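Contents: one structure, followed by commentary.
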Amino acid sequence: MKKQIKKYAFLLLIVFGNGYAQTKKYMDPKKPIEDRISLLMKEMTLEEKVGQMNQYNGFWDVTGPAPKGGSAELKYEHLRKGLVGSMLTVRGVKEVRAVQKIAVEETRLGIPLIIGFDVIHGYKTLSPIPLAEASSWDLEAIKKSAAIAADEASASGINWTFAPNVDVSNDARWGRVMEGAGEDPYLGSKIGYARVKGFQGETVADLAKVNTIAACAKHFAGYGFVEAGLEYNSVDISNSKLYNSVLPPFEATIQAGIRTFMNSFNTLNGVPATGNAFLQRDILKGKWKFDGFVVSDYASIREMIAHGYAKDEDDATAKAVIAGSDMDMESYLYVAKLVALVKEGKVKESLVDDAVRRILRVKFELGLFDDPYRYCDEKREKEVVGSKANNDGVLDMAKKSIVLLKNEKNLLPLKKSGQKIALIGALANDKNSPLGSWRIAADDNTAVSVLEGMQQYKDNQLTFEKGADLLSQKATFLTETVFNTTDKSGFEAAKTAAKNADVVVMVLGEYGFQSGEARSRTDLNLPGVQQELLEEIYKVNPNIVLVLNNGRPLSIPWAAQNVPAIVEAWHLGTQTGNAVAQVLYGDYNPSGKLTMSFPRNVGQVPIYYNKYSTGRPIDSDKNVFWSHYMDVEKTPLFPFGFGLSYTTFDYKNLKLNKTAFAKGEKIQVSVDVTNTGNYDGKEVVQLYINDPVASIVKPLKELKGFELVALKKGETKTIQFTLSEKELGFYDNEGKYLVEPGLFNIMVGWNSNEGLTSKFELK
């Protein structure tokens with residue numbers, strides 16, 4: 001037996017090097033993870049512990065020679081000394097294996113790296129942007145989309161994504177609304193939960209599977225409410241907004257088993273989130289009992305100095321650790337400052353131990369200690385990335401994400417033969433923009449364009465004209481997007497094509513890099529010369545189908561008034577053109593519903609359905625002294641929950657099982673929905689409540705239930721909802737959950753503005 005043990009240890013030494021041989025005490029997979037962590041931490045020096053709290057961005061050609069000079073050499077030496085716990089943006093099996101090999105085989109303890117990456121809406125095969133996916137209201141499809149992303153990312157060596165973004169936001173000026181689920185905390189909670197399950201699997205045990213990755217809820221917290229929609233700006237919100245709008249989606253990810261959180265760039269109550277103990281210690285790790293780890297956003301620990309909250313690097317480091325930020329992403333401060341701060345007594349070593357235990361816990365759960373190269377299978381990488389199954393999956397998601405905003409004159413669906421169709425707009429023949437923002441692993445020009453999608457329908461006469469360039473120079477993820485505002489030389493050719501067509505399909509909107517991080521806007525109209533092109537084409541042929549490609553709600557009042565058909569197609573990812581074409585031609589009946597309100601103009605922003613009543617909500621005295629605008633209606637152009645279909649639906653027989661309920665009783669709500677049109681279709685049935693009198697003012701409407709139901713032509717289904725104290729209550733300004741007696745109004749309908757109403761009493 002002793003000979004066998006010695007032989008096993010010798011083999012470990014040969015295969016994994018000195019570092020991995022020394023880990024044999026905590027390599028036994030039969031031991032509980034917490035015991036293995038304790039054994040490992042007994043072996044670690046303070047410097048090695050701090051190293052686990054250090055994350056570096058990729059910094060050299062990892063399959064090439066070691067770097068010489070500059071920060072790259074410093075990072076390389078830190079990696080070899082075991083002073084790096086994680087790396088990000090290293091991707092591909094060869095690259096990941098190379099850095100993992102250094103961590104495992106050249107360091108004293110051989111602790112494997114966790115490899116992070118921004119897998120926001122796919123890896124190489126891209127799904128629609130998250131805001132578009134949310135418009136499907138299809139939780140299973142969203143979960144599957146995240147699973148496809150995890151499958152491809154894990155096959156390329158990655159085991160941790162910085163997603164989902166669960167920031168609730170009602171300000172379309174903020175570019176990062178494209179990463180979230182929209183303006184509603186209830187829907188955002190459901191979608192956040194689904195995405196975590198898609199990335200990680202159903203249980204924490206599923207993290208050890210080779211096709212799952214750890215998820216990261218971001219940005220904790222309040223980032224969706226940056227003032228003026230300005231990136232990296234301050235946040236100043238009430239406790240009521242914090243507890244009832246901001247925090248619920250984050251708590252939902254905890255219930256889903258999420259393993260990491262990322263803090264946000266903004267301040268909250270005057271304290272940067274990175275140094276905010278109230279958020280990270282009191283709520284996240286205290287009240288919610290989160291046992292994963294928190295990573296800072298990129299360099300946000302150092303940025304507390306710029307905020308004016310920390311006086312220098314030592315102060316920023318201490319405040320971040322004390323507040324509960326476990327891992328430093330690219331500030332370089334923990335690795336440079338933390339050991340000395342502990343030795344000087346300015347930071348307790350117990351806080352370091354807590355952070356390291358959390359980080360190691362996730363690494364053990366991912367199975368990295370059992371096989372550090374488990375995500376480094378080149379054969380699997382070739383089979384999985386870009387597979388037909390993954391392309392089919394993102395196509396399905398893309399079709400479900402499309403929202404039909406208007407359809408008059410029977411323009412849609414298009415006829416499949418005998419029509420002359422003019423396809424106009426630079427975006428119609430663009431294979432890059434539809435990929436959207438946050439697609440840093442995807443190859444350029446790999447989207448199916450709308451032109452390519454429509455060319456699959458060969459029995460119509462299709463003519464394409466660009467009309468005008470959208471951009472005046474190439475756009476990239478790292479540079480400002482510059483639009484063409486002067487060159488209209490293609491207008492005449494486009495007008496000629498439109499004049500000779502039965503129907504004009506115009507693809508207009510934002511370029512893919514016009515939304516996302518650092519893409520704040522003060523103008524939500526069509527950029528460049530697109531609005532002028534649209535109006536010029538309308539003069540010669542008003543039979544226009546406007547297809548919007550965008551990453552946020554736009555202000556399109558002229559189009560809403562004049563253009564007969566409008567399709568919100570977002571940035572749909574790899575299969576954009578096929579999805580759009582199948583919807584336009586009626587092979588897929590659109591069923592999406594908006595999850596952010598569209599403003600009439602930017603002056604209404606932020607605009608959202610779950611607003612509060614004012615003391616003067618309506619014109620009761622026939623004078624000007626009530627809550628309104630002088631120049632535009634105060635309602636949105638298209639409200640939350642809005643979306644049409646090629647068929648029609650009728651709602652009848654809204655019923656409650658009783659009219660009065662005791663506290664704790666379940667409230668049963670039912671409604672009959674009938675497909676009264678000529679196509680099979682799907683409808684998102686939405687339930688809203690209103691608590692008209694409460695100890696804090698409640699919104700006029702709050703989504704508290706929805707169901708996506710498929711109905712064949714002529715079919716009727718009874719849809720049932722159950723309301724409990726979970727849906728009826730709210731948080732007070734101290735974070736206490738209350739369920740108060742009184743009357744409740746209820747609405748079940750087809751968007752947040754329209755539906756059948758009833759009421760009940762809670763005693």
Side-chain angles (χ1 to χ4, degrees), residues 57-58 61 63 88-95 117-130 132 145 148-149 152-153 155-158 161-163 175 178-179 381-382 384-388 390-391 393-395 397-398 401 423 425-455 464 466 468-484 507-519 527-528 547 549-551 569-581:
N57 195 9
D61 179 4
T63 59
L88 69 151
T89 68
V90 179
R91 67 181 191 271
V93 166
K94 288 184 179 179
E95 287 74 12
F117 197 77
D118 284 292
V119 187
I120 305 302
H121 56 108
Y123 181 65
K124 281 190 178 293
T125 308
L126 296 181
S127 285
I129 59 171
S145 174
I148 290 171
E152 285 204 353
S156 298
I158 294 157
T161 176
F162 304 124
M178 59 79 59
E179 286 186 59
E381 184 178 31
K382 290 177 181 178
V384 169
V385 177
S387 69
K388 182 181 183 303
N390 287 347
N391 273 281
V394 301
L395 173 59
M397 187 74 255
S401 302
L423 179 62
L427 288 174
N429 193 31
D430 197 310
K431 295 173 64 62
N432 208 32
S433 175
L435 296 173
S437 193
W438 280 119
R439 37 85 164 187
I440 51 180
D443 298 321
D444 285 344
N445 299 309
T446 52
V448 177
S449 71
V450 174
L451 175 59
E452 290 171 326
M454 293 188 69
Q455 284 172 336
F464 168 71
K466 179 172 58 176
D469 287 321
L470 179 58
L471 306 178
S472 59
Q473 65 185 48
K474 183 179 179 180
T476 73
F477 183 64
L478 298 176
T479 58
E480 297 289 354
T481 306
V482 182
F483 291 92
N484 166 35
V507 185
L508 307 176
E510 296 182 308
Y511 195 76
F513 287 133
Q514 198 177 357
S515 62
E517 185 173 354
R519 266 68 178 190
V547 177
N549 286 173
N550 44 295
W570 310 107
H571 295 133
L572 294 176
T574 303
Q575 289 291 325
T576 290
N578 287 331
V580 170

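The model shown is predicted, which means the values in this text are computed figures rather than measured ones.
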Exercise. How long is the span from the CZ atom in Phe477 to the CD atom in Glu517, to the nearest 0.5 Å?
Worked result: 6.5 Å

For this session: Could you give me the CA-CA distance, side-chain angles and deciding distance for Phe117 and Thr161, then say whether side-chain contact (heavy atoms from CB on, under 4.5 Å) is met?
Result: CA-CA 5 Å; Phe117 197 77; Thr161 176; over 6 Å; no

Problem set entry | Exercise: identify the closest heavy-atom pair between Leu427 and Gly509 | CD1-N, 3.6 Å

Exercise. Checking side-chain contact (heavy atoms from CB on, under 4.5 Å) for the pair Asn549/Leu508: CA distance, chi angles, key distance, verdict?
Worked result: CA-CA 6 Å; Asn549 286 173; Leu508 307 176; over 6 Å; no

For this session: With side-chain contact (heavy atoms from CB on, under 4.5 Å) as the test, would you mind laying out the steps for Lys466 and Asn429 before giving the verdict?
Result: CA-CA 8 Å; Lys466 179 172 58 176; Asn429 193 31; over 6 Å; no

Exercise. Any idea which heavy atoms bring Ser437 and Gly516 closest together, and the distance?
Worked result: OG-CA, 3.8 Å

Exercise. Are the side chains of Arg439 and His571 in touch, meaning some heavy atoms are under 4.5 Å apart?
Worked result: no

Exercise. Is Thr481 close to Leu471 at the side-chain level, that is, under 4.5 Å between some pair of heavy atoms?
Worked result: yes

Problem set entry | Passing candidate, side chain to side chain contact (heavy atoms under 4.5 Å, CB included) with Val448, options Leu572, Asn391, Thr576, Asn578 | Asn578

For this session: Indicate yes or no: at least one non-hydrogen side-chain atom of Arg91 is less than 4.5 angstrom from one of Tyr123.
Result: yes

For this session: Work out which heavy atom in Pro128 is nearest to a heavy atom in Ala398; give both atom names and the distance.
Result: CG-CA, 3.5 Å

Exercise. How many angstroms lie between atom CH2 of Trp570 and atom CG of Asn550, to the nearest 0.5 angstrom?
Worked result: 6.0 Å

Problem set entry | Chi angles and distances behind the salt bridge (charged side-chain N to carboxylate O under 4.0 Å, His left out) call for Lys431, Glu452 | CA-CA 9 Å; Lys431 295 173 64 62; Glu452 290 171 326; 2.9 Å; yes

For this session: Tell me, with the steps shown, if Leu126 and Val394 meet side-chain contact (heavy atoms from CB on, under 4.5 Å).
Result: CA-CA 7 Å; Leu126 296 181; Val394 301; over 6 Å; no

Exercise. Between atom CG of Asp444 and atom NZ of Lys474, what is the distance when rounded to the nearest 0.5 Å?
Worked result: 5.5 Å

Exercise. What are the two closest non-hydrogen atoms of Ala149 and Val119, and how far apart are they?
Worked result: CB-CG1, 3.7 Å

For this session: Please report the shortest heavy-atom distance between Arg519 and Leu478, naming the atom on each side.
Result: NH2-N, 4.3 Å

Seminar exercise, completed: Output for pair (Lys124 NZ, Asn390 CG), nearest 0.5 Å, gives 13.0 Å

For this session: Please determine which of Glu152, Lys388, Gln575 meets the side-chain hydrogen bond (donor to acceptor under 3.5 Å, both in side chains) test together with Thr125.
Result: Glu152

Exercise. Are any non-hydrogen side-chain atoms of Ser127 and Ile148 less than 4.5 angstrom apart?
Worked result: no

Problem set entry | Value rounded to 0.5 Å, distance of CG in Asn432 from CZ in Phe513 | 6.0 Å

For this session: Specify the closest pair of heavy atoms between Met178 and Ser515, including all atoms of both residues, with the distance to one decimal.
Result: CG-OG, 3.7 Å

Problem set entry | Euclidean distance, Thr89 OG1 relative to Asn57 CG, rounded to 0.5 Å | 3.5 Å

